[in-house]
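Here the structure is a predicted model, which is why all the values come from computation and not from measurement. Values reported hereafter were calculated over all heavy atoms of this structure, with side chains retained and with hydrogens, waters and symmetry mates removed. When a ligand or atom number is given, it counts from 1 through the structure's own listing order.
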Amino acid sequence: METLRERYEQDGVCLCREPAVPAGVVARAVAGMDALMRGEYETGVPPQPSFWKPGDAPQKLVKIEMPQVADRRIMDLIRHPALGRLAADVTGASWVQVWWVQMLVKPSAGSGDGDSPHVGWHQDRQYWQQWEASSHLFTAWVALSDVTSEAGPVRHVRGSHRWGLLDQGNFFTEDFRRQGEQVVIPSGERWEEIEATLPPGGVSFHDQLTLHGSGPNRSGLPRRSFAIHLRTERSRPVADRRQGLTSFIDDPAYCPVIYSA
Ligand SMILES: O=C(O)CCC(=O)C(=O)O
């Protein structure tokens, strides 16, 4: 049978549909998410400045940067050893560190005036210029709700991690289908989407160059997740500088190492 690592290398994405994170850890992290959305910070430390703030419109995408510093229940999920082991299996790494986290809650259509938000097609690498080009960076996207087809799951373009940096993406878009039509892909390649439906506790891994985006949530319930950005021993900030997204990598209270062989 094909291993997760073979699948990841071939497609630039792999899906672990067996819950990797135990249900109790997921339930506590969901309570932590709700606290953050009320502006309550259990540790007394706020998240990093974010696109979303408590009191924003109910149909806006909740996107909170570095939520794990504000709530121990979220940190317990982010640094769960099962995630570290899986990340090492999938990438062959001997060392894995969390270097940035985004909490994402996509409201369902019907929770405000407009439609549910979209996430435009993009490659993460276009936003990660503070890392040296050869750095081995990837993402574990952990579901905390039932991410069905109706919930606006992440969609990945199969094999797009081999297309180089296209630099045409845009995370923030109103219509991901229309925006996707404008992305020019290398000649001879084809656009084939993988739909990352996942149960609570399930996780997908994607490469920093894999094109991905997502459509509206019409499930009737919020789509909840953490995008946990990871690095391996083969990564280095540009000029070894700490700035922007690499500011916290020396601080285990922000950026825990979740696997070491
Ligand atoms: O949650 C989404 O729909 C997109 C997430 C994303 O862009 C990422 O995990 O890198």
Under the side-chain contact (heavy atoms from CB on, under 4.5 Å) criterion, do D34 and R224 qualify, and how do the steps go? CA-CA 10 Å; D34 287 342; R224 296 172 179 266; 2.9 Å; yes

Would you call the rings of F172 and F51 parallel, tilted or perpendicular if under 30° counts as parallel and over 60° as perpendicular?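 It falls in the tilted class, 30° to 60°.
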
For H229 and W128, take the angle between the two ring planes, folded into 0 to 90°, and tell me which bin it lands in: parallel under 30, tilted 30 to 60, perpendicular over 60.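 Rings of H229 and W128: perpendicular, as their planes differ by over 60°.
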
Between F171 and K63, is there a cation-pi geometry (under 6.0 Å to ring centre, at most 45° from the normal)?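 Relative to the ring axis of F171, which defines the angle, K63 lies inside both limits.
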
Can you produce the list of protein nitrogen or oxygen atoms under 3.5 Å from a nitrogen or oxygen of ligand 1, alongside each distance?
unit_1, atom_1, unit_2, atom_2, d
ligand 1, 1 (O), W141, NE1, 3.0
ligand 1, 1 (O), R223, NH2, 2.7
ligand 1, 3 (O), S214, OG, 2.6
ligand 1, 3 (O), R223, NH1, 3.1
ligand 1, 3 (O), R223, NH2, 3.4
ligand 1, 7 (O), H122, NE2, 3.0
ligand 1, 7 (O), H212, NE2, 3.0
ligand 1, 10 (O), D124, OD1, 3.1
ligand 1, 10 (O), D124, OD2, 3.3
ligand 1, 10 (O), H206, NE2, 3.4
ligand 1, 10 (O), H212, NE2, 2.9

Are W52 and L61 close enough, and set up right, to give a side-chain contact (heavy atoms from CB on, under 4.5 Å), and what steps lead you there? CA-CA 7 Å; W52 185 90; L61 178 72; over 6 Å; no

Do D11 and E192 pass the side-chain contact (heavy atoms from CB on, under 4.5 Å) test, and can you show the C-alpha distance, the side-chain angles, and the key distance before you say yes or no? CA-CA 10 Å; D11 291 346; E192 187 196 338; over 6 Å; no

